[in-house]
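Keep in mind that what you see is a predicted model, and the values were worked out from it rather than measured.
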Amino acid sequence: MEEGNRPDEKVQSRAELAEAQTNLAQAARDYQRKKDLMERKIVSKEDYEATESNYLALVKRVEKLAASSRLMDEGVRTERRRMAKAQSQQVEAELRRAKWRLDNCCDHGTHQRHHSEKERGTGNLVNPVAFNGSFSLCDIADLSKLEVDLSIQERDISRVFKGQKCRVRAEAYPKRVYDGVVSRLMPIADRAKGAIPVRVRLSVPADEEGMYLKPEMGAIVTFYNTKAEDLGNENAPTRQIDFNGPANRSSTDTRPPSSSSDPD
């Protein structure tokens, strides 16, 4: 459409116009003869009117073919070009949208991400804007950066602060100890337990991701009366804090291992 009509189409249009002009010339001569004969009362009125109609029809046909030939030379109208271009852009946008939807159906998680829970299977419908029903395909967790969720009794919470050094070990693997730090003291207490939820963040080596520490596992956390950034300071106090009372177990929203405070 951008290049206009093909050369063969233009040649065909000019040839049709030339043919019509030739027929028009012949019709003009016939019309003139019949007109002269009509004036001398030699031909009937019906023959004269038929010749006249044929001549006038060929005049209009030549005008039509001449206009068509000019349009063929000029090409497609600018409005149609714009309309075709807009339709092409619309189709391209729909294609990009379809590809975006297809890409959203693929899991592009790296090796550092693990599926902690599969919500839907093959053939299930997932609608993220629905009020009830399917909302997601699965839960993906980064098992290299975990948080331990535990509850500290209200009488002991004064000895816990953000950035506090901790040691974490899973109950399933008590010989494996991980360095941790208090990342958050939750703003709302648990009235039923008389405790404050606390989160302890720890990092897992790349070669141990998902191997020893898994979501919903139990863990034991040991607190020290020093900040995590003071670990390299030899003069910093590192006395272990002794919490009185039974250990508490809980789980987190992000599915890291659940834990308990060390009763020692």
query: Between Lys34 and Glu52, is a salt bridge (Lys or Arg N to Asp or Glu O under 4.0 Å) present by the stated rule, with each step listed?
result: CA-CA 9 Å; Lys34 289 292 180 69; Glu52 183 182 23; over 6 Å; no
message: Tell me whether Glu208 is salt-bridged to Arg176, with the criterion being a basic N under 4.0 Å from an acidic carboxylate O.
response: yes
Side-chain ion pair, Arg33 and Asp30, N-O less than 4.0 Å: yes
task: Indicate if Met186 and Leu146 have the same hydrophobic cluster label, given that clusters are the connected sets of ILVMFWY residues with side-chain heavy-atom separations under 4.5 angstrom.
output: no
task: Enter the distance from Lys41:NZ to Glu39:CD here, rounded to the nearest 0.5 Å.
output: 9.5 Å
- prompt: Taking side chain as C-beta onward, heavy atoms only, is Pro205 less than 4.5 Å from Tyr178?
  reply: yes
- request: State the CG-CD distance between Leu24 and Glu63, to the nearest 0.5 angstrom.
  value: 9.0 Å
query: Does Val221 belong to the same Ile/Leu/Val/Met/Phe/Trp/Tyr cluster as Val177, with side-chain heavy atoms less than 4.5 Å apart forming each link?
result: no
- prompt: side-chain contact (heavy atoms from CB on, under 4.5 Å) between Asn225 and Arg159: does it pass, once the steps are laid out?
  reply: CA-CA 8 Å; Asn225 62 341; Arg159 291 184 285 175; over 6 Å; no
message: Using every non-hydrogen atom in the two residues, find where Gln153 and Gly194 come nearest and quote the distance to one decimal.
response: OE1-O, 3.4 Å
- request: Considering non-hydrogen atoms only, spot the tightest contact between Gly180 and Leu202 and give its length.
  value: CA-CB, 4.2 Å
task: Would you confirm whether Ser68, through its side chain, and Lys64, through its main-chain N or O, come within 3.5 Å as a donor-acceptor pair?
output: yes
field: Common cluster, Met38/Tyr31, ILVMFWY with side-chain heavy-atom separation under 4.5 Å
entry: yes
- prompt: Between Val200 and Val168, is any pair of side-chain heavy atoms under 4.5 Å apart?
  reply: yes
task: Look at the rings of Tyr212 and Tyr173 and say which category their plane angle falls in: under 30° parallel, 30 to 60° tilted, over 60° perpendicular.
output: perpendicular
- prompt: Just one of Arg199, Lys162, Gln164, Glu147 clears the side-chain hydrogen bond (donor to acceptor under 3.5 Å, both in side chains) bar with Ser183, so which one?
  reply: Glu147
message: Measuring from atom OG of Ser151 to atom CG of Asp156, what distance do you get when rounded to the nearest 0.5 angstrom?
response: 12.5 Å
Note, Lys227 side chain near Phe161 side chain (heavy atom, < 4.5 Å): yes
- prompt: What is the distance from atom OH of Tyr48 to atom NZ of Lys35, rounded to the nearest 0.5 Å?
  reply: 5.5 Å
List, one per line, each side-chain donor-acceptor pair under 3.5 Å for residues 89-96, sequence neighbours excluded.
none

Reported OG1-to-CD distance for the pair Thr51 and Gln32, which is rounded to 0.5 angstrom: 11.5 Å
- request: Check the surroundings of atom CD1 in Ile42: do more than 12 heavy atoms from other residues, nucleotides or ligands lie under 6.0 Å from it?
  value: yes
message: Does any part of the side chain of Thr222, heavy atoms only, come nearer than 4.5 Å to the side chain of Arg169, both counted from C-beta?
response: yes
- prompt: Out of curiosity, does Val181 fall in the hydrophobic cluster containing Leu150 (side-chain heavy atoms, cut-off under 4.5 Å, transitive links)?
  reply: no
statement: Rounded to the nearest 0.5 angstrom, the CG-CD1 distance for Asp190 and Ile152 is 12.5 Å
query: Passes side-chain contact (heavy atoms from CB on, under 4.5 Å), Lys145 versus Val204? Steps please.
result: CA-CA 6 Å; Lys145 299 177 181 179; Val204 180; over 6 Å; no
Closest non-hydrogen atom pair, Pro197 against Ala189: CD-CA, 4.2 Å
query: So Asp36 and Arg40, salt bridge (Lys or Arg N to Asp or Glu O under 4.0 Å) or not? Walk me through it.
result: CA-CA 7 Å; Asp36 295 340; Arg40 289 182 290 176; over 6 Å; no
message: Go through it in stages, so that I can follow the logic: the residues are Val182 and Cys166, the test is side-chain contact (heavy atoms from CB on, under 4.5 Å), and I'd like the CA-CA distance, side-chain angles, deciding distance and then a yes or no.
response: CA-CA 7 Å; Val182 176; Cys166 303; 3.7 Å; yes
